[in-house]
Amino acid sequence: MSATYTDLREKLQSLNRDSPKEVRKRKQPASDTEEEDEAGSEPEAEEEEARKVRRGIRQMRLFSPDECATIESKIDEVVSRADKGLYQEHTVDRAPLRNKYFFGEGYTYGAQLQRRGPGQERLYPKGEVDEIPGWVHELVIRRLVERRIIPEGFVNSAVINDYQPGGCIVSHVDPIHIFERPIVSVSFFSDSALCFGCKFQFKPIRVSEPVFFLPVRRGSVTVLSGYAADEITHCIRPQDIKERRAVVILRKTRTEAPRLEMKSLSSSYQPERLQGSNRQHILKPKRSHRKADPDAAHRPRILEMDKEENRRSVLLPKQRRRSHFSSENYWRRSHDHVDTYTETGEDEGSPVRKVKMRRH
């Protein structure tokens with residue numbers, strides 16, 4: 001079980017005043033009245049939690065369409081520079097349908113952690129990511145300071161998350177031991193939503209209903225603090241990214257935040273010595289080499305509404321699967337990397353034509 005899920009379930013348990021045993025198996029109510037009381041308390045607890053989340057959120061439309069277009073062109077320049085390899089290694093983190101660009105400060109998280117779980121995140125050594133671009137200061141941060149959303153000099157970490165349609169980021173809490181509050185984000189390219197209190201399941205990916213659903217418009221600023229930032233997870237669901245969307249996240253790192261040492265950073269990517277060779281190569285993080293399939297954004301994703309036939313197809317013989325299912329997602333998920341030939345003809349008297357099909 002993911003540590004994030006455990007954390008969220010513990011909070012929901014405390015709200016419902018259930019012990020761990022009671023969550024697994026509720027005791028039978030002594031009377032119909034007691035049963036009605038329990039049924040009525042759950043929606044009340046959810047509504048109360050939603051109110052707590054709402055109190056920790058400030059949101060405003062701050063950038064006009066023309067200003068958005070100017071900033072979006074700058075984001076495109078960042079993407080172009082990254083594709084050309086002009087940034088430092090830890091500035092860019094690629095994942096399918098979502099790329100992150102760290103400026104000012106970067107940190108380890110997710111699959112990069114040597115030990116999983118909240119509190120294990122570490123800042124990279126100073127100088128391991130590129131400085132915050134000038135346009136972020138001039139076009140974004142200055143406006144936030146002028147509107148007194150953040151104090152001058154507050155931001156020393158800027159992250160650009162660039163999502164393709166169907167991209168997502170799983171439920172998480174921004175590391176409390178790394179970042180001070182508030183957490184400020186500015187949205188560009190398209191409208192989307194931020195969800196609180198969701199639970200993710202995978203293979204295929206499914207997302208539970210949120211405790212609180214927050215629409216996020218292009219050009220809007222969202223500020224998280226208090227309960228919304230610290231006591232409940234937030235995420236972006238795949239179904240809420242219908243067009244390309246980018247968000248600039250502005251934060252301040254804590255002075256006491258733990259930081260990786262250069263020695264430990266190098267040893268994290270030091271492979272075992274190969275037989276017959278005295279050379280050791282320092283590898284880059286695997287995720288920095290992963291690029292999203294450029295065509296993936298234009299293909300349907302298998303989400304919560306997966307067709308039952310696609311799930312059953314895994315259990316069927318190959319011939320039947322091939323004749324009955326034409327889902328591109330199914331073929332993309334195949335682990336067979338072989339070339340096959342099929343014979344086709346317009347009728348019995350027509351010559352047979354061989355077609356080469358490559359499974360990816």
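This chain uses plain numbering: 1 for the first residue, then up along the sequence.
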**OP:** Run the numbers on D93 and R98 for side chain to side chain contact (heavy atoms under 4.5 Å, CB included), then give the verdict.
**Re:** CA-CA 9 Å; D93 177 32; R98 191 274 296 145; 3.8 Å; yes
Subject >> Under the salt bridge (Lys or Arg N to Asp or Glu O under 4.0 Å) test, residues paired with K126 that sit two or more places apart >> reply: E105
Subject >> R81: salt bridge (Lys or Arg N to Asp or Glu O under 4.0 Å) partners, not counting sequence neighbours >> reply: none
**OP:** Search all heavy atoms of C198 against all heavy atoms of V207 and return the closest pair with its distance.
**Re:**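 That would be CB-CG1, 3.7 Å.
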Original post:
For V247, what residues pass the side-chain contact (heavy atoms from CB on, under 4.5 Å) criterion, not counting sequence neighbours?
Top reply: N161, Y163, S185, S187, R245, I249
Subject >> For A246, all residues meeting side-chain contact (heavy atoms from CB on, under 4.5 Å), sequence neighbours excluded >> reply: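 For A246, the residues satisfying side-chain contact (heavy atoms from CB on, under 4.5 Å) (neighbours in sequence not counted) are I75, D162, F189.
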Subject >> Worked verdict on I71 versus F63 for side chain to side chain contact (heavy atoms under 4.5 Å, CB included) >> reply: CA-CA 10 Å; I71 294 171; F63 296 90; 3.9 Å; yes
Original post:
For the hydrophobic clusters of this structure (ILVMFWY residues joined by side-chain heavy atoms under 4.5 Å, transitively), does one cluster hold both L250 and M60?
Top reply: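 L250 clusters together with M60.
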Subject >> Cluster check V216, F213: I/L/V/M/F/W/Y, side chain < 4.5 angstrom >> reply: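 Unlinked, V216 and F213 end up in two clusters.
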Any residue meeting side-chain hydrogen bond (donor to acceptor under 3.5 Å, both in side chains) with [X], in chain and number order, not counting sequence neighbours:
X	result
S157	none
Q59	T222
R254	none
T253	N156

Original post:
Among all residues two or more places apart in sequence or in another chain, which pass the ring pair (Phe, Tyr, Trp, His ring centres under 6.0 Å) test with F212?
Top reply: none
Original post:
Taking E121 for the side chain and G119 for the main chain, is one N or O donor matched with an acceptor at less than 3.5 Å?
Top reply: yes
**OP:** Quick one: sort the F102 and Y109 rings into parallel, tilted or perpendicular, breaks at 30° and 60°.
**Re:**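 The arrangement is tilted - the two ring planes meet at 30° to 60°.
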Original post:
Hey, what's the ring geometry for F196 with H234, parallel, tilted or perpendicular (30° and 60° as the breaks)?
Top reply: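 Rings of F196 and H234: tilted, as their planes differ by 30° to 60°.
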Could you tell me the separation between the [atom1] atom of [X] and the [atom2] atom of [Y], rounded to the nearest 0.5 Å?
X	Y	atom1	atom2	answer
R217	C68	CZ	SG	13.5 Å
D191	K242	CG	NZ	10.0 Å
S225	R181	OG	CZ	9.5 Å

**OP:** Would you check, one step at a time, whether the test side chain to side chain contact (heavy atoms under 4.5 Å, CB included) holds for E128 with M262?
**Re:** CA-CA 9 Å; E128 284 296 306; M262 188 63 71; 3.3 Å; yes
Mind listing the side-chain donor-acceptor pairs of residues 130-140 below 3.5 Å, one per line with the distance, residues two or more places apart or on another chain?
from	atom 1	to	atom 2	distance (Å)
D130	OD1	Q88	N	2.9
D130	OD1	T91	OG1	2.7

**OP:** Kindly indicate, with the supporting measurements, whether the criterion side chain to side chain contact (heavy atoms under 4.5 Å, CB included) is fulfilled by H177 and R122.
**Re:** CA-CA 9 Å; H177 64 293; R122 297 290 184 271; 4.1 Å; yes
Subject >> Where at least one partner belongs to residues 68-77, residue pairs that pass salt bridge (Lys or Arg N to Asp or Glu O under 4.0 Å), sequence neighbours excluded >> reply: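 Salt bridge (Lys or Arg N to Asp or Glu O under 4.0 Å) check on residues 68-77 returns E72-R218, D76-R244.
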Subject >> Salt-bridge present (E48, R51; N to O < 4.0 Å) >> reply: yes
N/O donor-acceptor pairs under 3.5 Å from side chains in residues 142-152, not counting sequence neighbours:
from	atom 1	to	atom 2	distance (Å)
R143	NH1	L62	O	2.9
R143	NH2	E67	OE2	2.5

